[in-house]
**Q** 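One structure, pasted below without further comment.
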Amino acid sequence: MMCSRPNLRLLISHRHSPGDYSTTSTRLVANSGAHKLDDALQLFDEMLHKKPPPCIIKFNKIITPIVKLKHYSTALSLLKQINLTGIPTSIYTMNIFINCYCRLKQVNYSFALLATIFKLGHPPDLATYNTLINGLVLANRVFEAIELFKKLIRDKLCEPNQVMYGTVINGLCKVGHTSKALELCRFMKKGTSCEPNQVMYSTIIDSLCKDRMVDDALRLFNEMTQKGIHANVITYTSLIHGL
DNA sequence: GTAGGGTTAG
């Protein structure tokens with residue numbers, strides 16, 4: 001029963017609403033996707049050849065919308081150009097880099113970059129580790145994602161936050177380990193300063209419904225409502241399907 | 001406001 005589910009659910013792509021990116025230029029907001037990309041590339045080129053070049057923050061800001069538009073290979077080529085030019089990067093740049101490889105399902109390159117980060121003397125941060133965990137989830141390597149998550153806690157490499165718990169809960173649900181996801185949700189409430197949010201509850205409710213455990217799903221729905229976390233159209237759609 | 005996550009079905 002559980003075998004047929006994960007693959008189907010992994011096919012679901014990630015959503016980005018049209019306004020879901022930050023830009024450095026209003027040009028990038030006003031135009032269509034293709035024009036936005038062209039404008040960003042042109043701006044990048046101008047910046048790269050400026051003497052002296054702008055600071056790395058400006059480069060990070062221009063690459064981010066390109067990543068949000070899912071032009072990962074393009075973003076990677078820009079990042080490589082920055083490296084070739086010798087402009088000093090930051091941990092933000094490296095995290096964008098890692099995320100691009102993760103999105104292209106090339107997690108091994110992402111981990112190679114982690115080694116580079118250490119060599120460059122940028123300590124990895126929560127976003128670095130979360131990106132890697134998410135990369136493993138995207139590559140259908142959820143077991144390894146969980147192992148990394150556990151190792152981070154065990155070795156006190158970082159203190160997981162709500163984003164990281166959300167990533168792991170999503171991964172667990174994707175492969176049908178709904179009870180583990182629920183356990184983690186309970187652990188968050190009792191053992192951490194993070195609180196499960198609307199999306200986390202909805203993710204687990206949907207997973208319970210797909211497991212045909214609608215009573216449990218309804219219990220969780222009541223729980224979230226009592227906590228003042230509102231269900232949304234997605235939560236209700238999952239419940240209706242389950243029922 | 002420099003980077004990282006996520007839920008439905010049609």
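What's counted below: heavy atoms across the whole structure, side chains too, no hydrogens, waters or symmetry copies. Residue numbers start from 1 in every chain, and the chains themselves are labelled A, B, ... in the order their sequence lines are given, proteins ahead of strands.
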**Q** Verify the contact: side-chain N or O of A:K68 to OP1 or OP2 of B:dT2, cut-off strictly under 4.0 Å; return yes or no.
**A** no
**Q** Looking only at the side chain of A:S90 (C-beta and beyond, no hydrogens), which of the listed nucleotides B:dA9, B:dG4, B:dT2 gets closest?
**A** B:dT2
**Q** What pairs of donor and acceptor atoms, side-chain ones from residues 183-191 of chain A against any protein atom, are under 3.5 angstrom apart with sequence neighbours left out?
**A**
residue, atom, partner, partner atom, Å
A:R186, NH1, A:E223, OE1, 3.0
A:R186, NH1, A:E223, OE2, 3.1
A:R186, NH2, A:E223, OE1, 3.1
A:K189, NZ, A:E223, OE2, 2.4

**Q** At less than 3.5 Å, do the side-chain atoms of A:N60 and the base atoms of B:dT2 form a donor-acceptor pair?
**A** yes
**Q** Under 4.0 angstrom, heavy atoms only, what part of the nucleic acid is A:M200 near: base, sugar-phosphate, or nothing?
**A** base
**Q** Does OP1 or OP2 of B:dA3 have a side-chain N or O of A:N99 closer than 4.0 Å?
**A** no
**Q** Side-chain atoms of residues 74-86 of chain A: list all donor-acceptor pairs with protein atoms under 3.5 Å, sequence neighbours left out, distances to 0.1 Å.
**A**
residue, atom, partner, partner atom, Å
A:S77, OG, A:T74, O, 2.8
A:T85, OG1, A:Q81, O, 2.6

**Q** Do A:F221 and A:Y236 have their ring centres less than 6.0 Å from each other?
**A** yes
**Q** Roughly, in whole Å, what's the span from OH in A:Y101 to P in B:dG4?
**A** 17 Å
**Q** Is A:Q198 touching bases, backbone alone, or none of the nucleic acid, heavy atoms closer than 4.0 Å?
**A** nothing
**Q** Ignoring hydrogens and angles, state whether a donor on the side chain of A:T93 or A:N60 is under 3.5 Å from an acceptor on the partner side chain.
**A** yes
**Q** What nucleotide among B:dG6, B:dT8, B:dT2 has an atom nearest to a side-chain atom of A:N170?
**A** B:dG6
**Q** Side chain of A:I57: nearest nucleotide among B:dT2, B:dT8, B:dG4?
**A** B:dT2
**Q** Same cluster or not: are A:L157 and A:F149 linked, directly or through other Ile, Leu, Val, Met, Phe, Trp or Tyr residues, by side-chain heavy atoms under 4.5 angstrom apart?
**A** yes
**Q** Salt bridge or not between A:R219 and A:D216? Use side-chain N to carboxylate O under 4.0 Å.
**A** yes
**Q** Out of B:dG4, B:dT8, B:dG6, which has the shortest distance to the side chain of A:V199?
**A** B:dG6
**Q** To check you understand the geometry: which heavy-atom pair defines the closest contact between A:I117 and A:P123, and what is its length?
**A** CG2-C, 4.3 Å
**Q** Does a distance-only test, which skips hydrogens and angles, find a donor-acceptor pair under 3.5 Å between the side chain of A:N197 and the base of B:dG6?
**A** yes
**Q** Looking at DNA chain B, which of residues 235-242 of chain A put a heavy atom within less than 4.0 Å of it?
**A** A:T237, A:S238, A:H241
**Q** Hey, does the side chain of A:T64 come within less than 4.0 Å of B:dA3's phosphate (OP1/OP2), counting only N and O?
**A** yes
**Q** Verify the contact: side-chain N or O of A:N134 to OP1 or OP2 of B:dG6, cut-off strictly under 4.0 Å; return yes or no.
**A** yes
